[in-house]
Number of protein chains: 2
Amino acid sequence: MFTHSEENYLKTIYHLELDSEKGISTNAIAKQLETKASSVTDMVKKLSEKEVVIYKKYKGVTLTAFGKKTAANIVRKHRLWEVFLVEKLNFSWDEVHEVAEQLEHIKSPKLINQLDAFLSFPTHDPHGDPIPDKNGNLKTIEKSLLSTLQKNECGICVGVDDSSSEFLQFLDKKGIILGEKITVLEKEEFDDSLQISIQDKKLSISNKIANNLYIKKA
Amino acid sequence: MFTHSEENYLKTIYHLELDSEKGISTNAIAKQLETKASSVTDMVKKLSEKEVVIYKKYKGVTLTAFGKKTAANIVRKHRLWEVFLVEKLNFSWDEVHEVAEQLEHIKSPKLINQLDAFLSFPTHDPHGDPIPDKNGNLKTIEKSLLSTLQKNECGICVGVDDSSSEFLQFLDKKGIILGEKITVLEKEEFDDSLQISIQDKKLSISNKIANNLYIKKA
DNA sequence: ATAAATTTTTAGACTAACCTAAAAAATATA
DNA sequence: TATATTTTTTAGGTTAGTCTAAAAATTTAT
Ligand SMILES: [Mn+2]
Ligand SMILES: [Mn+2]
Ligand SMILES: [Mn+2]
Ligand SMILES: [Mn+2]
């Protein structure tokens with residue numbers, strides 16, 4: 001139905017649409033896919049032909065309902081494979097993205113349904129991102145950035161915003177693990193750094209870190 | 001390193017070389033890959049550039065040592081994925097080929113090593129075909145076609161020659177399962193059909209079937 | 001409101017992987 | 001051995017997906 005490349009475009013547009021109201025610009029897509037805006041223009045014309053996006057020259061693109069569902073399914077596959085790699089093949093959470101990037105393009109509805117069952121129908125991937133259901137629906141939980149918590153507030157660490165290996169490895173080193181309770185002990189005014197406790201340990205983290213960690217308020 | 005298409009060519013040449021002494025003709029490759037001989041000529045030139053095959057105009061191609069190792073690794077991936085699909089995801093042996101055909105192209109050495117371990121280092125795929133080791137070496141066991149057995153001889157059913165879904169589903173229907181002991185009760189002269197026993201059942205099978213089942217003599 | 005800067009599209013070109021039709025080489029046949 | 005048949009290669013063309021450079025549209029700044 002869709003080529004490897006078309007699928008990557010769809011997924012990118014899907015992600016970009018999640019945090020933006022307006023049409024997605026060719027430049028934004030190009031930046032994400034590390035390609036050129038002119039290549040994006042060509043591709044969005046094709047995607048428009050295939051009725052997965054609405055494209056108005058100079059106005060950017062938006063996914064159609066069909067496009068959204070198609071894209072969500074690719075995201076579903078990506079995240080399920082990530083769970084598989086971590087849970088079953090002992091990959092660490094900073095190693096899975098690249099491989100999932102390939103696996104997400106495997107075409108077999110049975111494969112993905114069986115995988116889902118094999119993994120006991122996970123709801124989130126190793127980075128705390130929600131896994132779309134078969135119909136492409138995302139159930140979004142209300143989560144806040146750690147940086148928005150006040151002194152003495154606490155919550156469960158449920159996800160990361162930046163999921164680069166560098167950041168993930170940094171979290172590993174600090175001992176910050178998804179699913180653990182984090183309490184803000186102290187909040188420094190002048191640099192917005194935090195003193196937190198997690199698993200009986202106390203540690204100090206910068207605002208940059210706090211801006212990339214999601215907390216579900218208790 | 002190699003494109004999806006190059007990998008498919010390598011794998012095809014590898015399989016064709018297993019039962020042929022001479023160079024593999026462009027026509028043979030074209031037939032297998034359902035493409036045209038002229039396309040094959042183009043591709044073998046490229047593969048020759050990349051030093052995975054030796055190509056002499058009008059003389060066919062042969063894999064180099066490097067090409068053989070590369071091809072064996074693709075076959076290794078294909079067969080490990082087939083095991084995974086059957087053992088872990090409840091696919092039946094007639095459904096796995098198409099999906100493995102896609103999965104074999106996923107590039108990640110760690111993935112395949114971990115998968116191998118996860119599956120407890122299987123030596124054969126669901127069709128009884130051997131899985132090459134990390135270095136591309138195949139350990140071939142001596143097996144015979146069921147059609148070569150004489151009356152009252154017996155052996156373990158270890159593989160199929162034809163692994164089309166039609167044939168595999170036919171075997172399922174008949175109750176012929178890999179790993180089971182088969183005894184030849186009777187051999188008809190005029191049509192080479194056999195009366196066999198398997199798992200306490202007696203059944204009659206045609207020569208065509210007997211020519212597509214491998215037996216390890218007891 | 002005009003001009004300048006930025007963004008986006010168009011035009012033209014490239015490569016990979018195919019194709020068809022024609023030419024050339026190898027093989028089979030008389 | 002000469003001729004006919006088959007196999008293989010070459011020549012030229014197509015499509016997908018990419019690129020650079022130039023043109024056009026939009027946005028920002030004066
Ligand atoms: Mn991808
Ligand atoms: Mn993820
Ligand atoms: Mn393949
Ligand atoms: Mn197989």
Side-chain angles (χ1 to χ4, degrees), chain A residues 1-14 16-17 20-63 67 70-71 74 101-102 104-107, chain B residues 1-14 16-17 20-63 67 70-71 74 101-102 104-107:
Chain A
M1 198 64 183
F2 294 97
T3 67
H4 195 104
S5 187
E6 288 169 342
E7 289 190 345
N8 282 336
Y9 274 88
L10 279 175
K11 192 170 56 118
T12 298
I13 297 165
Y14 177 84
L16 290 170
E17 267 194 356
S20 133
E21 303 305 299
K22 301 161 293 181
I24 307 304
S25 72
T26 48
N27 255 349
I29 298 167
K31 189 175 179 184
Q32 201 66 32
L33 287 171
E34 299 180 84
T35 183
K36 297 297 148 86
S38 54
S39 306
V40 176
T41 302
D42 282 352
M43 182 57 97
V44 297
K45 282 175 180 169
K46 187 155 37 124
L47 292 175
S48 170
E49 293 279 302
K50 291 198 170 187
E51 317 216 314
V52 279
V53 303
I54 306 287
Y55 167 56
K56 299 281 182 209
K57 272 188 197 176
Y58 296 98
K59 301 296 176 189
V61 301
T62 44
L63 291 170
T70 305
I74 301 162
E101 204 58 42
Q102 299 177 60
E104 71 191 0
H105 301 290
I106 303 293
K107 278 148 186 90
Chain B
M1 199 65 183
F2 295 97
T3 67
H4 195 105
S5 186
E6 288 168 342
E7 290 191 346
N8 282 337
Y9 274 88
L10 280 174
K11 192 169 56 118
T12 298
I13 297 165
Y14 177 84
L16 290 170
E17 267 194 356
S20 131
E21 304 303 300
K22 300 162 295 182
I24 307 305
S25 72
T26 48
N27 255 349
I29 298 167
K31 190 175 179 183
Q32 201 66 32
L33 286 171
E34 299 181 82
T35 182
K36 296 297 148 86
S38 53
S39 305
V40 176
T41 302
D42 283 352
M43 182 58 95
V44 297
K45 282 176 180 169
K46 189 159 32 125
L47 292 175
S48 170
E49 293 278 302
K50 291 197 171 188
E51 317 216 313
V52 279
V53 303
I54 306 286
Y55 167 57
K56 300 280 183 209
K57 274 189 195 175
Y58 296 100
K59 300 297 178 188
V61 299
T62 45
L63 291 171
T70 305
I74 302 163
E101 204 59 42
Q102 299 177 61
E104 71 191 0
H105 301 289
I106 303 294
K107 279 152 186 87

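Quick note: numbers below take in every heavy atom, side chains included, and nothing from hydrogens, waters or symmetry partners. Letters A, B, ... are given to chains in the order of the sequence lines, protein chains preceding strands, and every chain is numbered from 1.
Here B:Ser5 lies in heavy-atom contact (under 4.0 Å) with sugar-phosphate atoms only.
Checked against salt bridge (charged side-chain N to carboxylate O under 4.0 Å, His left out), A:Glu17 has no partners two or more places apart in sequence or in another chain. Applying the salt bridge (charged side-chain N to carboxylate O under 4.0 Å, His left out) criterion to A:Glu51, with sequence neighbours excluded, gives no partner residue.
If you check distances only, the side chain of A:Ser38 does reach the base of D:dT20 with a donor-acceptor pair under 3.5 Å.
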Practice task
Assess whether side chain to side chain contact (heavy atoms under 4.5 Å, CB included) is satisfied between B:Ile24 and B:Val53, documenting all intermediate values.
Solution key: CA-CA 10 Å; B:Ile24 307 305; B:Val53 303; over 6 Å; no

Practice task
Before giving the answer on side chain to side chain contact (heavy atoms under 4.5 Å, CB included), spell out for B:Glu7 and B:Thr70 the whole-Å C-alpha distance, their side-chain angles and the decisive distance to 0.1 Å.
Solution key: CA-CA 8 Å; B:Glu7 290 191 346; B:Thr70 305; 6.0 Å; no

Practice task
Under the side chain to side chain contact (heavy atoms under 4.5 Å, CB included) rule, what do A:Lys11 and A:Tyr9 come out as? Steps first, then yes or no, please.
Solution key: CA-CA 5 Å; A:Lys11 192 170 56 118; A:Tyr9 274 88; over 6 Å; no

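The side chain of B:Tyr9 has C:dC18 as its nearest neighbour among C:dT9, C:dC18, D:dT9.
The stretch residues 22-33 of chain B touches DNA chain D through B:Ser25, B:Thr26, B:Asn27, each having a heavy atom under 4.0 angstrom from the strand. Within residues 52-60 of chain A, the residues that have a heavy atom under 4.0 Å from DNA chain D are, in order of number, A:Tyr58.
Here the C1' atom of nucleotide D:dA16 and the CZ atom of A:Phe2 are 15 Å apart, to the nearest Å. Remark: P of C:dA16 and CD of B:Glu7 are 16 Å apart, rounded to the nearest angstrom. As rounded to whole Å, 14 Å separates atom C1' of C:dA16 from atom CG of B:Asn8. In this structure, A:Asp42 atom CG and C:dT10 atom P are separated by 9 Å, rounded to whole Å. If you measure from atom CE of A:Met43 to atom P of C:dT8, you get 18 Å, rounded to the nearest angstrom.
Across all their heavy atoms, B:Ala71 and B:Tyr14 have their closest contact at CB-CB, 3.5 Å. Taking all atoms of both residues into account, the shortest heavy-atom contact from B:Met1 to B:Lys50 is O-NZ, 3.2 Å. Nearest heavy atoms, A:Gln102 versus B:Lys107: OE1-N, 2.7 Å.
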Side-chain donor-acceptor pairs under 3.5 Å in residues 27-43 of chain B, sequence neighbours left out?
unit_1	atom_1	unit_2	atom_2	d
B:Thr41	OG1	B:Ala37	O	3.1

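The shortest distance between the side-chain N/O atoms of B:Lys36 and the OP1/OP2 oxygens of C:dA21 is not below 4.0 Å. Taking 4.0 angstrom as the limit, A:Thr41 places a side-chain polar atom (N or O) nearer than this to OP1 or OP2 of C:dT9.
Considering only heavy atoms from C-beta on, A:Val52 comes within 4.5 Å of A:Phe2 through its side chain.
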Tabulated below should be each protein N or O lying under 3.5 Å from an N or O of nucleotides 4-6 of chain C; please produce it.
none

